[in-house]
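On a predicted model such as this, the values are computed, not experimentally measured, just so you know. Each residue takes its place number in the sequence, starting with 1. When a ligand or atom number is given, it counts from 1 through the structure's own listing order.
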Amino acid sequence: MVHYKELGLVNSRELFQKAVKGGYAIPAFNFNNLEQLQAIISACVETRSPVILQVSSGARKYANQTLLRYLAQGAVEYAKELGYAIPIVLHLDHGDSLELCKSCIEMGFSSVMIDGSHHPYEKNVEITRSVVEYAHKYDVTVEGELGVLAGIEDDVVAEQSHYTRPEEVEDFVKKTGVDSLAISIGTSHGANKFKPEQCTRTPDGILVPPPLRFDILEEIERRIPGFPIVLHGASSVPVDLVRSINSYGGKLKDAVGIPEDQLRRAAASAVCKINIDSDGRLAMTAAIRKVLAENPAEFDPRKYLGPARDALKELYKHKIINVLGSANKA
Ligand code: G3H
Ligand code: 13P
Ligand code: ZN
């Protein structure tokens, strides 16, 4: 067992308290490889933003859990080397069992999500409480979820979404002891968050999704004032990235995300953690496609992964400065 404090990591408790009071959100960026981690840390150091490094079950399978853990440990030293020791949380994204959460905590994670949202309410309470009991012994913070997002949640495919029911939140928070709560107010995972028929279209063909349910968020805030709220599925799916990918041979159809002005509004409220993964995937893919299309003879991975990393870093800086408001909060 290695404790996260030995690795120089922090849990999310104090970061969330400050973010709720300050009206901004901490970025939660997923990583699966070296270039993503370099982009995240350099963007956050340059903007002086705290950060949550998220590891999904898929990332653990892809990259090897031990390697990811050492990469995160390296990230703490890398930030110092870049000149500023930002607070770094290492977080399990969409944990689906107590065993998985335990294993991550034993490897040095400082925060875990237990996603029981697809279970019936009582089962969700039970599994979430069991994770909280274990995690709090080690001062590891726990994120629970109420309500189901549409789209793909790791191994769990939610065909049908349902919004969080505000009347459940007080009871859930009290019974489970969670430190933060992910809610469903209209966001969803992936690059195709809405069906075209759910959207309107601008004259130049851009899909405009239905607005987030801020009325539900406000009702939740009224019932659990100041409690840290988390938004998953918060990529914006920038039109210029989708167009760039498609112009270099990609085939992304009807991709649509959450407009950034809505995320800014959410970040100013009790939403203090905003999860972004798909936008980063789009930024990397756009850069790689461009390099390879323009330089078909190129075969050195650094020549396309380097520009992908640069594009990713710029995207993250934009999110931190213009969307989440977490710049200079480290
Ligand atoms: O919420 C899911 C995250 O985007 C992680 O995706 O399961 O493909 O790693 P993944
Ligand atoms: P996006 O697919 O919208 O980036 O959401 C990521 C996420 O919620 C990770 O948990
Ligand atoms: Zn998610």
Side-chain angles (χ1 to χ4, degrees), residues 12 25-33 35-37 39-40 51-65 67-68 71 89-97 100-101 104 109 111-118 142-158 161 164 180-194 207 209 212 229-239 241-242 252 254-260 262-263 266-267 271-286 312 315-316 318-320 323-324:
S12 61
I26 313 286
F29 297 135
N30 291 70
F31 83 103
N32 302 261
N33 62 36
E35 284 77 10
Q36 288 171 324
L37 188 64
I40 295 170
V51 70
I52 298 171
L53 295 174
Q54 297 203 135
V55 173
S56 69
S57 300
R60 279 169 52 109
K61 278 182 214 141
Y62 172 78
N64 179 279
Q65 50 169 343
L67 280 175
L68 285 179
L71 277 178
V89 176
L90 180 60
H91 175 77
L92 169 66
D93 193 23
H94 294 286
D96 62 355
S97 68
L100 176 58
C101 293
C104 286
F109 281 57
S111 175
V112 292
M113 175 190 194
I114 175 70
D115 180 359
S117 60
H118 47 283
V142 180
E143 176 184 324
E145 180 166 334
L146 265 182
V148 180
L149 272 68
I152 295 166
E153 298 210 64
D154 242 349
D155 296 333
V156 185
V157 181
S161 63
T164 304
S180 60
L181 183 66
I183 60 166
S184 172
I185 56 165
T187 61
S188 111
H189 290 101
N192 291 73
K193 298 188 186 299
F194 302 95
L207 289 168
L212 295 182
I229 302 296
V230 177
L231 272 194
H232 282 248
S235 279
S236 300
V237 189
V239 173
L241 290 180
V242 174
L252 295 179
D254 298 330
V256 61
I258 312 297
E260 288 184 339
Q262 298 204 19
L263 297 169
V271 170
C272 63
K273 171 176 180 272
I274 291 192
N275 289 8
I276 297 172
D277 187 3
S278 297
D279 282 356
R281 297 178 180 193
L282 293 169
M284 289 191 91
T285 301
L312 195 52
L315 175 96
Y316 289 146
H318 161 70
K319 297 283 179 187
I320 288 165
V323 185
L324 309 188

Does some side-chain heavy atom of F31 sit less than 4.5 Å from a side-chain heavy atom of L68?
yes

Side chains of N275 and D277: does their closest heavy-atom pair fall under 4.5 Å?
no

Which one of N192, L207, V242 satisfies the side chain to side chain contact (heavy atoms under 4.5 Å, CB included) criterion with V237?
V242

Here the gap from L312 atom CG to D279 atom CG, rounded to the nearest 0.5 Å, amounts to 10.0 Å

Do the non-hydrogen side-chain atoms of S180 and S12 ever get within less than 4.5 Å of each other?
no

Would you mind listing which atoms of ligand 1 come within a distance below 4.0 Å of any non-hydrogen atom of D277?
3 (C), 4 (O), 5 (C), 6 (O)

With the Zn ion (ligand 3) at the center, what angle do ND1 from H232 and NE2 from H189 span, rounded to 10 degrees?
120°

What atoms of ligand 2 come closer than 4.0 angstrom to any heavy atom of H94?
10 (O)

Are any of the N/O atoms in N30 less than 3.5 Å from those in ligand 2?
no

Is there a donor-acceptor pair closer than 3.5 Å between any side-chain N or O of S184 and the backbone N or O of V148?
yes

Considering only heavy atoms, does Q54 approach ligand 1 within less than 4.0 Å through its side chain, its backbone, both, or neither?
neither

How long is the span from the OG1 atom in T187 to the CG atom in L149, to the nearest 0.5 Å?
4.0 Å

If we only count N/O pairs under 3.5 Å, is H232 in contact with ligand 2?
yes

Tell me whether N30 has any N or O atom under 3.5 angstrom from an N or O of ligand 1.
no

Does an N or O anywhere in H189 fall below 3.5 Å from an N or O of ligand 1?
yes

Considering R281, M113, H232, R60 one by one, which has a heavy atom nearer to atom 6 (O) of ligand 1 than any of the others?
R281

For ligand 2, which atoms have a heavy atom of H189 less than 4.0 angstrom away?
2 (O), 5 (O), 6 (C), 7 (C), 8 (O), 10 (O)

Could you please spell out the steps behind the side-chain hydrogen bond (donor to acceptor under 3.5 Å, both in side chains) verdict for N30 and D93?
CA-CA 8 Å; N30 291 70; D93 193 23; 3.0 Å; yes

Can you tell me which residue and heavy atom of the protein come closest to atom 9 (C) of ligand 2, and the distance to 0.1 Å?
D93 OD2, 3.2 Å

Which part of A234 is near ligand 2, with near meaning a heavy atom under 4.0 Å away: side chain, backbone, both or neither?
backbone

Heavy-atom check, side chain of L53 versus side chain of H91, under 4.5 Å
no

Go through it in stages, so that I can follow the logic: the residues are H94 and Q54, the test is side-chain hydrogen bond (donor to acceptor under 3.5 Å, both in side chains), and I'd like the CA-CA distance, side-chain angles, deciding distance and then a yes or no.
CA-CA 9 Å; H94 294 286; Q54 297 203 135; over 6 Å; no

Report yes if some N/O of I276 lies less than 3.5 Å from some N/O of ligand 2; otherwise report no.
no

Checking a contact table here: which protein heavy atom is nearest atom 8 (O) of ligand 2, and how many Å away?
G233 N, 2.8 Å

I need the nearest protein heavy-atom contact for atom 2 (O) of ligand 2: residue, atom name and distance, please.
S278 OG, 2.7 Å

Can you tell me the protein heavy atom closest to atom 3 (O) of ligand 2 and the distance?
K193 NZ, 2.5 Å

